[in-house]
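First the structure, in the form of structure tokens, and then the observations on it.
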Amino acid sequence: MLGARPTEQQEAGGRALVERRRVSIRSGHGTGKSAFLAWCVLWFQSTRFPCKIPCTAPTSHQLSDILWAEIAKWLRVLKERVPELAAEFDWTSELVRLKSDPAESFAVARTARPEQPEALQGFHSDNLLFVIDEASGIPDAVYEVAEGALSTEGTYVVMCANPTRMQGYFFDSHHKHRSMWAALHWSGEDSPLVSREYVRSMAERYGAESAIYGIRVLGDFAGSEDGVIPLDIIEAAVDRPIKPSGGHVWGLDVARFGADRTALCKRQGNALLAPIRSWAGKDTMQTAGMLKLEYDAAKVKPDVIYIDVIGIGAGVVDRCKELRLPVVGVNVAETPSVGERYNRLRDELWFNAREWFTARDCTMPRDDDLIAELTLPKYKITSSGKIQVQSKDDLKKLGVVSPDLADAFCLTFARGGAPLKVWSQKIKYPASGIV
């Protein structure tokens, strides 16, 4: 379009939208989804009158900073190449309108949240185009509210997503409702827009068979029923607009050897305060000294710092006690507090972390390394009926990164002090049937 050469995947998406009117695209990262959606908006407004184009995504960031910014970019290109057509449009932070009749021809941005299911409701026109970005994260209630309009004559729908959730409307469009959609698959391995270095590095860090590689590179519904923490509930917590509350707790996972990293997590009740810090190649005394520096620099001191004492962690605990830091040694191999459910304490901590996310009243900054590590381990039910999470050693045997950052995060849930609230809801773990 306008001098930009679309990829074969984008060309196929355009043809499918014209021919089928209902297009659902599952995709890896960086394959050109946002550009494609921007082209769809401008194409539809340029070829149909009257027309209305509701555009939605799970977050305002996805709409304003990505999709709406992409539309603005291509309007600038249009102004350079076809100025007389560009002059017909008026762009604002929430609307793209036809100047000659802004009430009858416009695209509008509306964030879709569970408490705002009407994002796609109330639009009437001879020509409708629903543009749904990151569709996997859109609550089903939003689709249910709009279902009548989605199926009317003259209505087009295009939705794209990194397939993070193995259920819901978007998932069904590629499975049981596939006959109703042009269900397309844009793999990062096949896209000229995705660097080979990115593909290689993701395979090396997390394994080509991992869920994170399958979702973010291949664009597959690669989540596993026996994964401890699903990607979609982690992603939903990123930048969630919730005020931090509760006491401060830190978790320190100490590197044991080789390429392992020492990782420090800082959490305040319902909020992960910052991306997790990590370092490698430090001995016991150096690690204790770095923790002391972090503690002294903290504006709000933690109530407790939990440190894994397996390996050289015990030496760090001893030195930190001498430095009068509020440290507590945790042996993650010991018996858990819920002895009849978990094989060892580490398993319990991972599921405590899962419960923190599942409650959906928590928030965290964007930390892609942590997010990836949290999705790595799977779990199984032992012959004694207890839950056992994949160990670091088991993951390293598969050739993937050791989840040091994730283990530091899970340590903040030790001894029942870290959640700083009573979790009353019960969770059903998919493969176990245990609640």
Side-chain angles (χ1 to χ4, degrees), residues 204-207 228 248-267 272-298 301-337 342-353 367 369-370 372-374 376-377 388-418:
E204 286 184 357
R205 286 185 61 80
Y206 308 114
V228 179
H248 290 249
V249 60
W250 293 3
L252 183 73
D253 185 59
V254 182
R256 288 179 286 173
F257 46 76
D260 287 358
R261 298 152 296 167
T262 293
L264 176 63
C265 175
K266 302 175 182 180
R267 183 168 65 85
L272 183 63
L273 298 175
I276 293 180
R277 287 204 58 194
S278 65
W279 57 88
K282 305 297 182 183
D283 62 24
T284 301
M285 295 299 103
Q286 289 173 311
T287 298
M290 293 183 73
L291 184 60
K292 180 67 162 61
L293 288 173
E294 290 281 341
Y295 181 83
D296 290 343
K301 310 300 184 191
D303 303 305
V304 62
I305 304 171
Y306 292 115
I307 302 178
D308 184 0
V309 297
I310 294 177
I312 66 172
V316 176
V317 170
D318 291 342
R319 176 56 181 154
C320 287
K321 286 181 177 178
E322 292 177 353
L323 295 172
R324 299 186 180 277
L325 298 181
V327 298
V328 173
V330 178
N331 185 344
V332 297
E334 68 183 13
T335 302
S337 61
Y342 301 103
N343 193 55
R344 55 183 179 165
L345 180 58
R346 180 174 181 268
D347 309 321
E348 182 178 16
L349 298 182
W350 270 84
F351 274 87
N352 284 346
D367 186 345
D369 285 339
L370 172 62
E373 289 186 15
L374 286 169
L376 285 176
Q388 181 177 343
V389 176
Q390 264 183 313
S391 68
K392 283 187 176 184
D393 290 340
D394 288 340
L395 289 168
K396 289 168 75 174
K397 288 175 184 176
L398 298 175
V400 302
V401 66
S402 175
D404 305 311
L405 309 183
D407 275 331
F409 173 72
C410 292
L411 275 169
T412 66
F413 296 92
R415 305 277 170 99

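Along the sequence shown, the residues carry numbers beginning at 1.
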Student check: side-chain heavy atoms of [X] and [Y] closer than 4.5 Å:
{"X": "Pro377", "Y": "Leu395", "value": "yes"}
{"X": "Val254", "Y": "Asp308", "value": "no"}
{"X": "Phe413", "Y": "Val249", "value": "no"}
{"X": "Leu273", "Y": "His248", "value": "yes"}

Next on the checklist: I'd like to know if the side chain of Glu373 and the backbone of Leu405 have a donor-acceptor N/O pair within less than 3.5 Å.
Outcome noted: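 Checking the backbone N and O of Leu405 against the side chain of Glu373, a donor-acceptor pair under 3.5 Å is found.
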Checklist entry - Should Asn331 and Leu345 be marked as a side chain to side chain contact (heavy atoms under 4.5 Å, CB included) after you check the CA-CA gap, both sets of side-chain angles, and the distance that decides it? => result CA-CA 8 Å; Asn331 185 344; Leu345 180 58; over 6 Å; no
Checklist entry - Given Cys320 and Leu291, is the side chain to side chain contact (heavy atoms under 4.5 Å, CB included) satisfied, shown in steps? => result CA-CA 8 Å; Cys320 287; Leu291 184 60; 3.7 Å; yes
Checklist entry - Is Asp347 salt-bridged to Arg344, cutoff N-O under 4.0 Å? => result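 Arg344 and Asp347: salt-bridged.
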Gap separating the [atom1] atom of [X] from the [atom2] atom of [Y], nearest 0.5 angstrom:
{"X": "Asp253", "Y": "Ser278", "atom1": "CG", "atom2": "OG", "answer": "10.5 Å"}
{"X": "Leu349", "Y": "Leu411", "atom1": "CG", "atom2": "CG", "answer": "6.5 Å"}
{"X": "Ile312", "Y": "Asp283", "atom1": "CD1", "atom2": "CG", "answer": "7.5 Å"}

Taking every non-hydrogen atom, the tightest pair across [X] and [Y]:
{"X": "Thr287", "Y": "Lys282", "result": "OG1-CB, 3.7 Å"}
{"X": "Ala255", "Y": "Asp260", "result": "CB-O, 3.5 Å"}
{"X": "Val309", "Y": "Gly329", "result": "CG1-CA, 3.3 Å"}
{"X": "Lys392", "Y": "Asp404", "result": "NZ-OD1, 2.8 Å"}
{"X": "Arg319", "Y": "Ala288", "result": "CG-CB, 3.5 Å"}
{"X": "Pro403", "Y": "Arg346", "result": "CG-NH2, 4.2 Å"}

Checklist entry - If you draw a 6.0 Å radius around NZ in Lys321, do more than 12 non-hydrogen atoms from other residues or ligands fall strictly inside? => result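 No.
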Checklist entry - Can you say whether the rings of Tyr295 and Trp250 are parallel (under 30°), tilted (30 to 60°) or perpendicular (over 60°)? => result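 Tyr295 and Trp250: perpendicular rings.
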Checklist entry - Looking just at side-chain N and O atoms, do Asp393 and Ser391 make a donor-acceptor pair shorter than 3.5 Å? => result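 No, because no side-chain N or O of Asp393 sits under 3.5 Å from a partner of the opposite role on Ser391.
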Item to check | Test item: side-chain donor near acceptor, Asp369 and Tyr206, under 3.5 Å | outcome: yes
Next on the checklist: I'd like to know whether Leu370 forms a side chain to side chain contact (heavy atoms under 4.5 Å, CB included) with Leu272, so could you lay out the CA-CA distance, the side-chain angles of the two residues, the decisive distance to 0.1 Å, and finally the verdict.
Outcome noted: CA-CA 11 Å; Leu370 172 62; Leu272 183 63; 3.5 Å; yes
Item to check | Candidate pair Gln286 and Thr262, rule side chain to side chain contact (heavy atoms under 4.5 Å, CB included), full reasoning | outcome: CA-CA 11 Å; Gln286 289 173 311; Thr262 293; over 6 Å; no
